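Worksheet: one structure, shown below.
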2 protein chains.
Amino acid sequence: MDGQRTRRRIPEATVARLPVYLRILSEQFDDGVTNMSSEQLADFAGLNAAKVRKDLSYLGSYGTRGVGYEVEYLVYQIRRELGLTHDWPVVIVGAGNLGQALAGYGGFGDRGFPVGGIVDVDESKVGSLVGGVRVRHLDEVAQVVQSRGISIGVIATPGAAAQEVADALVAAGVTSLLNFAPTVINVPHGISVRKVDLAVELQILSYYEQRRASAKAATLHAVPGAR
Amino acid sequence: MDGQRTRRRIPEATVARLPVYLRILSEQFDDGVTNMSSEQLADFAGLNAAKVRKDLSYLGSYGTRGVGYEVEYLVYQIRRELGLTHDWPVVIVGAGNLGQALAGYGGFGDRGFPVGGIVDVDESKVGSLVGGVRVRHLDEVAQVVQSRGISIGVIATPGAAAQEVADALVAAGVTSLLNFAPTVINVPHGISVRKVDLAVELQILSYYEQRRASAKAATLHAVPGAR
DNA sequence: CCGGCTTTGTGAAAACATGCACGAGCGCCC
DNA sequence: GGGCGCTCGTGCATGTTTTCACAAAGCCGG
């Protein structure tokens, strides 16, 4: 009676790994590999086989014992689960350095996320072409979103503008946001947000670097063999 | 006897949030705020107050009961813990679109991560200036790394080159990697890696979009009031 | 200087994620 | 067509992260 809709919810950690499996499997398939075991896949993904199997088991029982998984079929299943059976056009807000780099970067359209629009508040940028798309004014974002059926917005503005832009996007009907601005944004319940923040990543690395450095310093003074 | 070096290890999840607190606190400090409670900070960070307090408690007991935290002091403590008391120069590998965008983007040098070098394999790019830094050949990466005391490498190459580049960086003495290439890289034990992958982020958003869409479809057929 | 108000710091419980280990199923070879 | 070897799927133990809830501690006003 309910087809596939009452699919058990997939843990967030697993959802974050599925795209990795998908990429590996797609590449392997292109290289002519038709079958893979959880262990092979785990090696490529830098994980252990048990985790891979558990992750895949949330999709259903698509493996064959003693054999492994059929690559092509698994690609199909992951794509379906991730909702990649159709394109998701995105709107980019901010036509500065980052916005231009994102629009120009192939990785968007290639992978099912074509740039459906670019908007900016800066009148001097409105009307120009970025990555083959004409920049429109932020005020028109609702029209852009609705005319293209866009549900994903990419925020590529300075931090100070991010919250305002997020509000505008949500008001326009966008339900998922990818935020490159170095600011935490608040959104209504039911809206998804992912954040990409260069400074945060570097600072995390800094922490472990610093820690390594002090561990080393400590070792220099440690009793030999104490461990 | 051991000063602050035998600091208890901070959970990874907490380390990832400290940079967020740091940014919020720094901004508030610039706005003249001298004191904040865990609840205020939690609001800015989009978290709950208990989590903020527990995170901060790993640094030590720097709050005052009934009052909150002194912003300036906390900023200092977080910076110290994250190893941000000095600059960490980085080397960028790949002078293509992404590498150029990263080098040109202020966010690096601003925040204590100056671009100490850019390298590429493409002879036509070697010698050109990107973000004020002259591009050198990948073969010279060890010299660049060692002469500047660089310990963080940023991989901004196509996926196919990423593993090779990572190996070269590690061989050159780099101990932390920030990987923008859409590939999982393998590194020796003791090397830190963080990955930033646009396609993965979009695909995660796609999953939740798709899920929302099917939940909605289900509701349309559901018995009214069932929920 | 005391009592009430506020907010921290932290044990303990709950939720979540990972890793182990093994039974079950499948293909292949003899 | 039976046995052997391989690999999946998953229950259970372990480890990590989040959340709750409250005693302890500091400030302020009377």
Side-chain angles (χ1 to χ4, degrees), chain A residues 7-21 24-25 28 33-75 77-78 81 184 189 200 204 207-208 211, chain B residues 7-21 24-25 28 33-75 77-78 81 184 189 204 207-208:
Chain A
R7 175 153 246 104
R8 58 215 156 293
R9 158 184 157 284
I10 299 182
E12 209 172 312
T14 294
V15 172
R17 284 187 295 265
L18 288 178
V20 176
Y21 302 146
I24 293 166
L25 291 164
Q28 291 302 305
V33 176
T34 59
N35 205 86
M36 282 182 86
S37 69
S38 58
E39 187 155 357
Q40 289 174 289
L41 186 47
D43 282 349
F44 280 111
L47 307 167
N48 70 49
K51 201 189 281 181
V52 169
R53 286 200 300 277
K54 187 152 289 191
D55 284 344
L56 296 181
S57 77
Y58 290 111
L59 307 181
S61 284
Y62 298 137
T64 305
R65 290 164 195 230
V67 177
Y69 300 87
E70 196 202 323
V71 175
E72 186 171 16
Y73 187 57
L74 198 50
V75 164
Q77 289 298 340
I78 296 177
E81 192 70 38
V184 175
H189 185 75
V200 168
I204 294 170
Y207 171 78
Y208 292 106
R211 179 149 262 274
Chain B
R7 176 151 248 106
R8 58 212 157 297
R9 161 185 154 281
I10 298 182
E12 206 173 315
T14 294
V15 172
R17 284 188 294 266
L18 289 177
V20 176
Y21 302 147
I24 292 167
L25 291 163
Q28 292 300 306
V33 176
T34 60
N35 206 88
M36 281 181 86
S37 68
S38 59
E39 187 156 355
Q40 289 175 288
L41 185 47
D43 282 351
F44 279 110
L47 307 168
N48 69 51
K51 200 187 282 182
V52 170
R53 287 201 299 279
K54 184 144 287 191
D55 284 344
L56 296 181
S57 76
Y58 291 111
L59 307 181
S61 282
Y62 299 137
T64 308
R65 290 163 195 234
V67 177
Y69 301 86
E70 195 201 324
V71 175
E72 187 171 16
Y73 187 55
L74 198 50
V75 164
Q77 289 298 341
I78 296 177
E81 191 70 37
V184 175
H189 186 75
I204 294 170
Y207 170 77
Y208 291 106

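All values reported here derive from a predicted model rather than from experimental measurement. Labels below follow one simple rule: chain letters A, B, ... track the order of the sequence lines, proteins then strands, and each chain is numbered from 1.
Heavy-atom distances under 4.0 Å link DNA chain D to A/Ser37, A/Ser38 of residues 36-49 of chain A, given in residue order.
Using a distance-only test at 3.5 Å, with no hydrogens or angles considered, no donor-acceptor pair links the side chain of A/Asn35 to the main chain of A/Val71. Between the side chain of B/Ser37 and the main chain of B/Gln40, a donor-acceptor pair closer than 3.5 Å is present.
Remark: B/Tyr69 is in phosphate contact with C/dG9, judged by side-chain N or O atoms under 4.0 Å from OP1 or OP2.
Residues A/Val20 and A/Ala16 approach most closely at CG2-O, 4.2 Å, considering heavy atoms. Between A/Val184 and B/Gly46 the shortest heavy-atom distance is CG1-N, 4.3 Å. Residue B/Tyr207 comes nearest to A/Glu81 through the heavy atom pair CD1-O, 3.2 Å, listed as atom of the first residue, atom of the second, then distance.
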Pull out every protein N or O sitting under 3.5 Å from an N or O of nucleotides 25-30 of chain C, one pair per line with the distance.
{"unit_1": "C/dG25", "atom_1": "N2", "unit_2": "A/Gly66", "atom_2": "N", "d": "3.3"}

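Remark: C1' of C/dG11 and NZ of B/Lys51 are 19 Å apart, rounded to the nearest angstrom. Rounded to a whole Å, the CZ atom of B/Arg53 is 15 Å from the P atom of C/dT6. For the pair B/Asp55 CG and C/dT10 P, the interatomic distance rounds to 13 Å; values are reported in whole Å. Rounded to an integer number of Å, the gap from CG of A/Leu18 to P of C/dA17 is 13 Å.
Contact annotation: side chain of A/Lys54 to base of C/dG19, donor-acceptor pair present below 3.5 Å.
Between B/Tyr62 and B/Tyr69, a ring centre-to-centre spacing not shorter than 6.0 Å is recorded.
Donor-acceptor pairing under 3.5 Å is recorded for the side chains of B/Asp55 and B/Tyr21.
Within 6.0 Å of OH on B/Tyr208 lie more than 12 heavy atoms contributed by other residues, nucleotides or ligands. Counting non-hydrogen atoms of neighbouring residues, nucleotides and ligands closer than 6.0 angstrom, the CD atom of B/Gln28 exceeds 12 such neighbours.
Put simply, chain A comes within 4.0 Å of DNA chain D, heavy atom to any atom, from D/dC6 to D/dC12, going 5' to 3'.
For the atom pair OH of B/Tyr58 and CG of B/Leu18, the computed distance is 11.0 Å after rounding to the nearest 0.5 Å.
Among the atoms of the strands shown, base atoms are found under 4.0 Å from some heavy atom of A/Ala50.
Taking for each of B/Ser61 and A/Pro11 the nucleotide of DNA chain C with the nearest heavy atom, the 5'-most of the two is the partner of B/Ser61.
Side-chain contact check for A/Glu72 versus A/Thr34: every heavy-atom pair is 4.5 Å or farther apart.
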